[in-house]
Amino acid sequence: MGKRVAVVLAGCGVYDGSEIHEASAVLVHLSREGAQAELYAPDVDQMHVVDHVKGEPTQEKRNVLVESARIARGNIKDLAKLDVKGLDALIIPGGFGVAKNLSTWATQGKNCVISKEVEHVLKAFHAAQKPIGLCCISPVLAAKIFPGCELTVGHDTECEKWPYAKTAETMKELGCKHVNKHVTEVHVDVKNKLVTTSAFMCNAPIHEIYDGIGKMVKEVVRLA
């Protein structure tokens, strides 16, 4: 039997939900590793809805679970129903939905609050010593919940290639060790069983982002 891996989504779309290419890459690589993905999302309203053409918020209201179901092809469950006992690992793709719908990182940074359901799930996998894979902005969830853990969101010096590098500095302020890694690389925190990679935190060709996520998935499945 292949490993059963929970994948937690935060909506559908980079600016207000899960980054679709990252979510898709996670699912493709899990399939390649012979693992079974089980998708979950919280049944809550999005912080807001963004017009992805204009890059601006609209007056529309959408539900995180309903929007995540688009990526899951309808095969998704309410995050409140996740039972860590029957699962081998957890992966959370990135996208601004992580910082808006799963936490308040987008508005409060290091002083953010993590959604109670998301925090419960992360702590449950951690307590069970089951691996957790995080990419793009989602490592900030672990930075907030597991002080002293080791993570990467890419590089800590801002430039054209690394436009979100200040995130690494903020994570350090939370007491984490940030490890600089290229977009095709991962960092493994062996003690905490955390596997992280930068994905779209880097202004890189999409195939490199895809390859980095592939290494993250492979390592999560290996540790499971």
Side-chain angles (χ1 to χ4, degrees), residues 1-12 17-44 63-95 97-98 101-103 114-142 145-146 149 151 186-197 199 209-224:
M1 288 288 291
K3 303 294 183 181
R4 294 176 65 199
V5 180
V7 179
V8 174
L9 300 179
C12 181
S18 288
E19 210 298 319
I20 297 169
H21 298 289
E22 291 181 19
S24 177
V26 166
L27 298 177
V28 169
H29 286 297
L30 282 172
S31 176
R32 182 165 282 147
E33 293 300 315
Q36 178 185 334
E38 298 194 13
L39 285 87
Y40 296 86
D43 186 5
V44 296
N63 176 281
V64 176
L65 178 59
V66 172
E67 288 301 294
S68 299
R70 294 175 179 271
I71 297 173
R73 297 173 60 85
N75 187 14
I76 194 164
K77 298 173 188 169
D78 183 347
L79 184 60
K81 296 177 180 175
L82 187 152
D83 182 2
V84 68
K85 289 176 191 167
L87 297 160
D88 298 297
L90 170 69
I91 294 178
I92 306 180
V98 171
N101 305 328
L102 304 188
S103 71
I114 309 294
S115 150
K116 283 184 181 178
E117 285 180 353
V118 173
E119 182 172 359
H120 172 75
V121 165
L122 281 162
K123 285 182 174 178
F125 275 91
H126 187 259
Q129 297 186 312
K130 294 179 179 182
I132 300 169
L134 304 162
C135 63
C136 193
I137 191 67
S138 68
V140 301
L141 301 174
I145 297 172
F146 309 123
C149 65
L151 303 160
V186 301
H187 180 70
V188 181
D189 178 342
V190 176
K191 179 184 173 184
N192 290 293
K193 283 198 169 184
L194 295 172
V195 186
T196 50
T197 190
I209 289 160
Y210 184 91
D211 290 347
I213 291 171
K215 287 181 184 174
M216 180 265 284
V217 169
K218 195 178 188 77
E219 197 62 28
V220 166
V221 173
R222 186 185 71 80
L223 290 169

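Since this is a predicted model, take the numbers as computed values, not measurements. Reckoned from all heavy atoms, side chains included, excluding hydrogens, waters and symmetry mates.
Going from atom CD1 of Ile213 over to atom CG of Leu30 covers 11.0 Å, rounded to the nearest 0.5 Å. In this structure, His29 NE2 and Ile91 CD1 are separated by 10.5 Å, a value rounded to the nearest 0.5 Å. Between the CD1 atom of Ile92 and the CD1 atom of Ile137 there is a distance of 12.5 Å, given to the nearest 0.5 Å. Summarising the geometry, atom CD1 belonging to Ile132 is positioned 10.5 Å from atom NZ belonging to Lys193; distances are rounded to the nearest 0.5 Å. In this structure, SG on Cys135 lies 14.5 Å from NZ on Lys215, to the nearest 0.5 angstrom.
Screening Val8, Leu141, Leu134 against Val98 for a side-chain contact (heavy atoms from CB on, under 4.5 Å) leaves a single residue, Leu141.
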Side-chain donor-acceptor pairs under 3.5 Å in residues 66-81, sequence neighbours left out?
residue : atom : partner : partner atom : Å
Glu67   : OE1  : Arg62   : NH1          : 3.1
Glu67   : OE1  : Arg70   : NE           : 3.3
Ser68   : OG   : Gly11   : N            : 2.9
Ser68   : OG   : Val64   : O            : 2.7
Asp78   : OD1  : Ala80   : N            : 3.0

Counting only pairs under 3.5 Å, give me each side-chain donor-acceptor contact of residues 117-127, with atom names and distances, residues two or more places apart or in other chains.
residue : atom : partner : partner atom : Å
Glu119  : OE2  : Lys123  : NZ           : 2.8
His126  : NE2  : Asn192  : OD1          : 2.8

Side-chain atoms of residues 217-224: list all donor-acceptor pairs with protein atoms under 3.5 Å, sequence neighbours left out, distances to 0.1 Å.
residue : atom : partner : partner atom : Å
Lys218  : NZ   : Glu33   : OE2          : 3.4
Glu219  : OE2  : Arg222  : NE           : 2.9
Glu219  : OE2  : Arg222  : NH2          : 2.4

query = Yes or no on side-chain contact (heavy atoms from CB on, under 4.5 Å) for Val28 and Tyr210, after CA distance, side-chain angles and deciding distance?
reply = CA-CA 10 Å; Val28 169; Tyr210 184 91; 2.9 Å; yes
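Contact annotation: the side chain of Lys130 approaches that of Val84 to within less than 4.5 Å [non-hydrogen atoms, C-beta and beyond].
Of all the heavy atoms in Leu151 and His187, the pair that sits closest is N-CD2, 4.2 Å. Scanning both residues, Leu194 and Cys149, for their nearest heavy atoms gives CD1-CB, 3.7 Å. Residues Pro131 and Asp88 share a closest heavy-atom pair of CD-O, 3.5 Å. Closest approach of Ala41 to Leu9, counting heavy atoms only: CB-O, 3.5 Å. For Met216 against Val26, the heavy-atom pair with the smallest separation is CE-CG2, 4.4 Å. Nearest heavy atom pair, residue Ala6 against residue Leu82, reads CB-CD1, 3.8 Å.
The main-chain N or O of Ala23 is never found under 3.5 Å from a side-chain atom of Ser18 such that the two would form a donor-acceptor pair. Judged by distance alone, the side chain of Glu22 and the main-chain N or O of Gly94 form a donor-acceptor pair under 3.5 Å.
Remark: Arg4 pairs with Glu38 by the side-chain hydrogen bond (donor to acceptor under 3.5 Å, both in side chains) rule, at least two apart or across chains.
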